[in-house]
2 protein chains.
Amino acid sequence: MIRVLLAEDQAMVRGALTALLNLEPDIEVLGSAADGETAWRELQRLKPDVLVTDIEMPGLTGLELAQRIRRHELPMKVIIVTTFARPGFLRRALDAGVGGYLLKDAPAEGLAEALRTVHRGGRAIDPQLALEAWSDADPLNDRERQVLRLAGEGHSASDIGTQLNLSHGTVRNYLSEAIGKLGAANRIEAYRLARQKGWL
Amino acid sequence: MIRVLLAEDQAMVRGALTALLNLEPDIEVLGSAADGETAWRELQRLKPDVLVTDIEMPGLTGLELAQRIRRHELPMKVIIVTTFARPGFLRRALDAGVGGYLLKDAPAEGLAEALRTVHRGGRAIDPQLALEAWSDADPLNDRERQVLRLAGEGHSASDIGTQLNLSHGTVRNYLSEAIGKLGAANRIEAYRLARQKGWL
DNA sequence: ACCCCCGGGTGACGGTTGTCACATCCGCAC
DNA sequence: GTGCGGATGTGACAACCGTCACCCGGGGGT
């Protein structure tokens, strides 16, 4: 019997996944949590074999949860189930030692199978995503990332300069760099590109 | 027996919701679709009592689907189930005559109940959202919406002009209007504001 | 016929953005 | 100390953006 804890912030999806997994004779859903902190507490209380978690949750993200489990050397496996096909996310997840990384776009039948694989000590990584993850690395440095993030929120160059204690000229240089590296036509496009790669 | 068709683009969520609903003795999931066009075809083929649909789907959105059902005077009810607590979306949904509007944040148990209510001819609208919906109206007209959407994707004024057969000056006029109406400082902020209200 | 509103366009203004070449400062290797 | 590289700044230029006042043509009222 595989004992599972579920962490997912959308209540309806949480309930539906519970129903789905409970259909499997060899899987038991011990409980579920709506945010990272709750998941962390339940984890220690229930000691499940596997944690199935979303990434985007209030408080503590699924990635941070995975890192924390590794740091404390807890014995359970982790499977990430998320909407976001961002190479950067998968990369961070693998660094945190997760056993599985599935997309919500993947067929539901695969989830139970992935659970069994990971429980046996195997890995279940979405295949096409696995390719991309190691193909192109984040070309942005810290300054470029900061500046681009603020620009994407609608701030002007002088605005950003004030916030980061830089001159507006320097901000524009960083933006120009970032736009160039990403092959974008302007800051808006650059922001979108970086975001969808999980680099922001 | 309530006969249901499910439209939802994320396969895993689709499968999980199917499992959830099939647990109910008085509900039968006839089938499901991953995008709006498929849903529209399945709708005519299967003639379900109720359509349960997401909003954000490739091709045809759930809102457009609801409008089309109303226009063709098909006899089925519609329930929207979405992540987005945007007043503008609920508004458009109600205008399209939907029977229910639930958030994925709401508890899963409520879905079956909402289905029964709507099937009986009642309405199931998320309560706190219902309040906000009538508070502030969308100030944008069609042109402003189109132009703002494209601008938010990183296109320049001349770019947008070409796509919409407008002069670049006119595009800038519309953008200026939209920025003013939304109280934003530039197109980027305007885009973000409109988006989070569900007006885009 | 008249007027007025509406969608669209024009032209001009000052500010912002994207690009580039070059300057400055600091730390670190040798 | 010399030299190099990274981080930050400057100044200039062309293009683009945001704003405004105004123009044009075609419906609809009346």
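Order of the sequence lines sets the chain letters (A, B, ...), proteins ahead of strands, with each chain counted from 1. Hydrogens, waters and symmetry mates are skipped; everything else that's a heavy atom, side chains included, is used.
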Nucleotide [N], atom [atom2] - distance to [atom1] of [X] in whole Å:
X: A:E144; N: D:dA7; atom1: CD; atom2: C1'; answer: 11 Å
X: A:D142; N: D:dT8; atom1: CG; atom2: C1'; answer: 15 Å
X: A:L166; N: D:dG6; atom1: CG; atom2: C1'; answer: 14 Å
X: B:I188; N: C:dT17; atom1: CD1; atom2: P; answer: 8 Å
X: B:H168; N: D:dT19; atom1: NE2; atom2: P; answer: 16 Å
X: B:E177; N: D:dG18; atom1: CD; atom2: P; answer: 13 Å
X: A:E189; N: D:dC16; atom1: CD; atom2: C1'; answer: 15 Å

Go through A:R192 and A:E189 one step at a time and tell me if the salt bridge (charged side-chain N to carboxylate O under 4.0 Å, His left out) criterion holds.
CA-CA 5 Å; A:R192 293 178 80 91; A:E189 204 185 332; over 6 Å; no
Evaluate the side-chain proximity of [Y] to [X]: yes if any heavy-atom separation is below 4.5 Å, no if none is.
X: A:I179; Y: A:L148; result: no
X: A:L43; Y: A:L5; result: yes
X: A:Q10; Y: B:T83; result: yes

Salt bridge or not for [X] and [Y], using N-O below 4.0 Å?
X: A:D54; Y: A:R14; value: no
X: A:K104; Y: A:E8; value: yes
X: A:E144; Y: A:R149; value: no
X: A:E24; Y: A:R116; value: yes
X: A:R145; Y: A:D142; value: yes

Taking it one step at a time, do B:L60 and B:R68 satisfy side-chain contact (heavy atoms from CB on, under 4.5 Å)?
CA-CA 10 Å; B:L60 203 64; B:R68 201 183 277 193; 3.6 Å; yes
Is the phosphate of [N] approached by [X] (side-chain N or O, under 4.0 Å from OP1 or OP2)?
X: B:Y174; N: C:dG8; value: yes
X: A:R172; N: C:dT19; value: no
X: A:R143; N: D:dA7; value: no

Is there a residue in residues 147-165 of chain A whose heavy atoms reach under 4.0 Å of DNA chain C, and which residues are they?
A:S156, A:A157
According to salt bridge (charged side-chain N to carboxylate O under 4.0 Å, His left out), who are the partners of B:K47, at least two apart in sequence or on a separate chain?
none
Near DNA chain D, which residues from residues 180-187 of chain B have a heavy atom under 4.0 Å away?
B:N186, B:R187
Qualifying residue for side-chain contact (heavy atoms from CB on, under 4.5 Å) with A:I80, from A:L65, A:T53, A:L51:
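Filter result, single survivor: A:T53.
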Where do N or O atoms of nucleotides 22-28 of chain D meet protein N or O atoms at under 3.5 Å, pair by pair?
none

By the salt bridge (charged side-chain N to carboxylate O under 4.0 Å, His left out) test, which pairs, at least two apart or in different chains, include something from residues 70-81 of chain B?
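Applying salt bridge (charged side-chain N to carboxylate O under 4.0 Å, His left out) to every pair that reaches into residues 70-81 of chain B, excluding sequence neighbours, yields nothing.
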Remember a base hit wins even if backbone is also touched, and classify B:S167 as base, sugar-phosphate or nothing at under 4.0 Å, heavy atoms.
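Sugar-phosphate, backbone atoms only, no base.
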What does the list of N/O pairs under 3.5 Å between the protein and nucleotides 20-23 of chain C look like, with a distance for each?
residue, atom, partner, partner atom, Å
C:dC20, N4, A:N173, OD1, 3.0

Over-ring placement of A:R86 relative to A:F89, 6.0 Å and 45° cut-offs
yes
